[in-house]
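As structure tokens, the structure follows; a few thoughts come after it.
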Amino acid sequence: MPELPEVETIKRDLKNYLLGAILKEVLIVNKNFLTKNKIELEELQNLKNSRLFELERRGKMLALIFEKRALIFHLGLTGALIFQPSPLFADNKHLIFSLLFDSGILSFQDIRKFGKIWLISKENLTNFWQANLGPDALEITEEDFITLLKEGHGPIKALLLNQKKLAGLGNIYATELLFRAKIHPLRKAESLTPEERRTLYREMKALLQEAIALRGSSIRDYVDGLGQKGLFQERHLVYGKKGRPCPLCQTPLEYIPLQGRGTTFCPQCQK
DNA sequence: TTCAGCCTGTCG
DNA sequence: CGACAGGCTGAA
């Protein structure tokens, strides 16, 4: 579910309520999930009585930084982090755990349980980011982005989705970006012309910023840090629209699997 | 570089 | 009932 714009939206929402808050209680509902993630129940409980003093996002991951430790989330396809001023657990069968702060309750839920969490010491956070993720798609400079493309090999879409090369784009935004840049998803990354590289960079920044401004894309399950849906799905041009006419030239949009991900594109506009 | 597997839900 | 879904990993 959540790609860069969605996780950024969640981060901004949670920051409003959790910055400086003190964790008072930890309520663990799904112990099995923690075990799978190699986290002892006690480790999580030990976060109690510490202050959350920063939230940091890189790519699709979000870190809650406490005094000594950082709790890192990857929301997978259906993970959600929802803040509520007062409890509301009753109808939530996918709740993994809740963190009870003095300012309200943060619940982590995940329907498909593809999400992941890590609990590391605060000093290791920089190393963690570097070991797991390439530069953030919003932060990367044009120069570094162009180098990445020049040194790429294989389909451009595969490169855009590779989190170790470039962190943040998922299937929605990679698909939309390639349409906006008029580049075919199977083009070899290293074959892009200098102009195409610049266009791709410019369109990537614009796309992500527009999506953040509209609070992300809610196709199915995504909700922001307060449980509300995003609006950017209304601006999608090709994602999930196979067979429908291209918004530019009316040619029916085509669909191919690429690395197991459904990929929609216009065979006429995207070269 | 495919492809099943991890899970649950929805749609046709 | 099968196909597919904002992700990622590890095995063939």
Side-chain angles (χ1 to χ4, degrees), chain A residues 1-11 29-38 57-62 72-82 91-96 108-118 128 131-134 137-138 152-179 185-186 188-189 204 207-208 210-212 214-225 228-244 253 255-264:
Chain A
M1 120 215 217
E3 306 179 25
L4 187 153
E6 289 75 34
V7 181
E8 179 65 20
T9 301
I10 292 169
K11 185 191 102 175
V29 173
N30 187 335
K31 297 184 167 80
N32 197 32
F33 183 91
L34 295 186
T35 310
K36 261 193 340 195
N37 283 268
K38 294 177 203 142
R57 180 192 61 74
R58 177 137 158 186
K60 304 171 189 172
M61 295 196 198
L62 181 64
I72 302 162
F73 292 84
H74 187 302
L75 299 176
L77 283 168
T78 55
L81 278 169
I82 303 173
D91 60 344
N92 186 353
K93 62 173 173 172
H94 302 296
L95 182 63
I96 310 287
F108 173 50
Q109 58 184 62
D110 190 350
I111 299 171
R112 295 179 69 181
K113 299 173 188 70
F114 290 170
K116 287 200 173 86
I117 57 170
W118 298 260
F128 180 90
N132 291 288
L133 299 172
L138 261 191
H153 47 85
I156 178 65
K157 182 163 183 256
L159 178 62
L160 295 174
L161 288 174
N162 184 336
Q163 302 299 303
K164 288 210 155 66
K165 301 278 186 188
L166 178 71
L169 297 182
N171 207 26
I172 291 180
Y173 295 101
T175 299
E176 290 291 310
L177 172 56
L178 289 169
F179 177 75
L186 291 175
K188 303 290 177 209
M204 178 174 77
L207 172 66
L208 294 174
E210 287 168 33
I212 292 168
L214 289 181
R215 308 188 59 75
S217 303
S218 295
I219 303 288
R220 266 172 294 275
D221 307 297
Y222 165 70
V223 288
D224 64 25
Q228 305 294 309
K229 289 184 183 303
L231 296 169
F232 193 69
Q233 64 280 7
E234 291 165 19
R235 306 290 177 88
H236 291 177
L237 299 174
V238 294
Y239 178 83
K241 299 183 191 294
K242 67 176 161 188
R244 311 227 320 240
L253 297 173
Y255 178 91
I256 51 166
L258 200 162
Q259 294 198 147
R261 322 298 305 282
T263 304
T264 309

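Bear in mind that the values here come from a model prediction, so they are computed numbers and not experimental data. Lettering of chains follows the sequences in order, A, B, ..., and the numbering in each one begins at 1.
- Put simply, chain A comes within 4.0 Å of DNA chain B, heavy atom to any atom, from dC6(B) to dG9(B), going 5' to 3'.
- Across dA3(C) and dA4(B), the matching C1' atoms stand 16 Å from one another, rounded to whole Å.
- By the side-chain contact (heavy atoms from CB on, under 4.5 Å) test, F128(A) pairs with M61(A), I72(A), W118(A), I120(A), N132(A), sequence neighbours left out.
- Between N32(A) and R220(A), the one whose closest nucleotide on DNA chain B sits nearer the 5' end is N32(A).
- Considering all non-hydrogen atoms of both residues, L4(A) and K60(A) come closest at N-CG, 4.3 Å.
- K36(A) NZ: more than 12 foreign heavy atoms inside a 6.0 Å radius.
- Following rounding to the nearest Å, I256(A) (CD1) and dC4(C) (P) show an atom-to-atom distance of 14 Å.
- Between dA5(C) and Y255(A), a contact under 4.0 Å exists linking OP1 or OP2 to a side-chain N or O.
- Atom C1' of nucleotide dT9(C) and atom CD of Q259(A) are separated by 13 Å, given to the nearest angstrom.
- Here the C1' atom of nucleotide dT9(C) and the NE2 atom of H74(A) are 12 Å apart, to the nearest Å.
- One C1' atom belongs to dT1(B), the other to dA5(C), and the distance between them is 22 Å to the nearest Å.
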Base-pair string, DNA chain B, Watson-Crick plus G-U, cut-off 3.5 Å on both distances, | for inter-strand, is ||||||.|||||
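- Contact detail for L159(A) and A189(A): the closest heavy-atom pair is CD2-CB, 3.7 Å.
- Few gaps surround NZ on K241(A); more than 12 heavy atoms of other groups in view lie less than 6.0 Å from it.
- Looking at heavy-atom distances under 4.0 Å, Y239(A) makes contact with sugar-phosphate atoms alone, never a base.
- Within 4.0 Å of I219(A), counting heavy atoms only, lies at least one base atom of the nucleic acid.
- G170(A) comes within contact range of the sugar-phosphate backbone alone, with a heavy-atom separation under 4.0 Å but no base atom that close.
- Between L133(A) atom CG and dC8(C) atom C1' the separation is 12 Å, expressed in whole Å.
- When each of I219(A), T264(A), T263(A), L253(A) is tested with Y239(A) by the rule side-chain contact (heavy atoms from CB on, under 4.5 Å), just one qualifies, namely I219(A).
- A donor-acceptor contact closer than 3.5 angstrom links the side chains of E6(A) and Y173(A).
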